[in-house]
Amino acid sequence: MLIEIYKSLLQFFGKQYWWPAETKDEIIIGAILTQNTSWQNVEKAIFNLKKEGFCNLCKIRDVPLEYIQQLIKPAGFYKQKSVYLKEIAKFFANFDENTTDTLQFRKMLLNVKGIGLETADSILLYAFSRPVFVIDAYTIRFLKRKKLFDSSKYEEVQSFFMQNLPNDVELFKEYHALIVKLAKTYCRKNPNCTECPIKCA
DNA sequence: CACCAGGAATGTA
DNA sequence: TACATTCATGGT
């Protein structure tokens with residue numbers, strides 16, 4: 001079922017090539033900046049960071065908070081997000097990816113202030129290519145509307161995907177991106193989904 | 001004018 | 001455990 005839906009989305013929209021970024025640090029930074037924020041505004045903030053050479057966690061760690069705040073303002077919530085960027089920068093300053101399995105890694109990320117379930121999984125999947133399925137509000141709404149799975153609990157929904165799909169990082173990356181693409185294209189403006197490529201149940 | 005965006009922390013019951 | 005509030009900018 002889920003795999004057929006994936007194929008339909010892929011055929012309809014094509015590959016999304018998520019996550020759009022040049023470096024691993026940029027993915028991590030973007031994952032925090034995009035919390036409840038449009039990607040368009042995140043791009044402005046990342047542009048500012050790049051322009052000043054601070055789209056880099058080591059550099060973010062060693063610069064005044066106020067300086068980061070000024071650069072990321074277009075992404076909103078700049079006071080808290082500047083702290084979160086500092087926190088995640090400190091975390092990765094002494095972390096060895098190679099000696100940490102995915103479950104441990106996930107728990108460690110969740111202990112960082114500012115990193116919740118979705119942000120942690122986005123970092124794991126897109127920055128480190130760990131096989132975890134990212135869930136967001138679009139995904140939960142999508143499953144409910146299509147009457148595929150009725151739950152708002154993050155890890156329940158995540159298990160639903162991961163137990164019904166092959167354990168494939170590239171599949172997970174594209175599938176989440178396609179659900180976001182679908183939501184942005186149709187479901188927001190048009191709840192009836194008359195043009196939606198996925199049939200309503 | 002209201003509403004939302006690729007959430008998370010905090011507080012309340 | 002389940003909700004409510006707060007955080008902030010920019011587009012529609």
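A note on names: the letters A, B, ... follow the listed sequences, proteins ahead of strands, and every chain is numbered from 1.
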(request) Between A:Thr37 and A:Gln40, name the one whose nearest nucleotide on DNA chain C is closer to the 5' end. (result) A:Thr37

Using whole Å, report how far [atom1] of [X] lies from [atom2] of [N].
X	N	atom1	atom2	answer
A:Gln80	B:dA8	CD	P	12 Å
A:Lys73	C:dT9	NZ	C1'	10 Å
A:Glu156	C:dT1	CD	P	11 Å
A:Phe47	C:dG10	CZ	P	15 Å
A:Lys79	B:dG7	NZ	P	22 Å
A:Asn36	B:dC3	CG	C1'	12 Å
A:Phe77	B:dT10	CZ	P	15 Å
A:Glu87	B:dA9	CD	P	11 Å

Hey, does [X] reach any base, or is it just sugar-phosphate, or nothing, if we go heavy atoms under 4.0 Å?
X	value
A:Lys81	nothing
A:Glu118	sugar-phosphate
A:Leu117	sugar-phosphate
A:Lys153	sugar-phosphate
A:Tyr78	sugar-phosphate
A:Gly116	sugar-phosphate

Once the angle between the rings of [X] and [Y] is folded into 0 to 90°, is it parallel (under 30°), tilted (30 to 60°) or perpendicular (over 60°)?
X	Y	result
A:Phe105	A:Phe91	parallel
A:Phe161	A:Phe133	parallel
A:Tyr6	A:Tyr175	tilted

Quick one: which of [options] gets closest to the side chain of [X]?
X	options	answer
A:Thr119	C:dT9, C:dA8, B:dA8	B:dA8
A:Asn41	C:dG11, C:dA8, C:dT9	C:dT9
A:Lys113	C:dG10, B:dG6, B:dA9	B:dA9

Can you tell me how far [atom1] in [N] sits from the matching atom in [M], rounded to whole Å?
N	M	atom1	answer
B:dC4	C:dC7	C1'	15 Å
C:dA8	B:dC3	C1'	15 Å
C:dT5	B:dG6	C1'	22 Å

(message) Below the 4.0 Å mark, does C:dG11 have OP1 or OP2 next to a side-chain nitrogen or oxygen of A:Lys44?
(response) yes

(request) Please examine the side chains of A:Asp25 and A:Ile60, heavy atoms only from C-beta on, and report whether any two atoms are closer than 4.5 Å. (result) no

(request) Please report the closest heavy-atom contact between A:Ala75 and A:Val42, naming both atoms and the distance. (result) CB-CA, 4.4 Å

(message) Any donor-acceptor pair, under 3.5 Å, between the side chain of A:Lys184 and the base of B:dG6, if you only look at N and O atoms?
(response) yes

(message) Ring centres within less than 5.5 Å and planes less than 30° apart: is that true of A:Trp39 and B:dG6 in this structure?
(response) yes

(message) Can you tell me if A:Trp18 is stacked onto the base of B:dG6, using a 5.5 Å centroid cut-off and an angle below 30°?
(response) yes

(message) Quick one: does any side-chain atom of A:Thr185 pair with a main-chain N or O of A:Lys181 as donor and acceptor, under 3.5 Å?
(response) yes

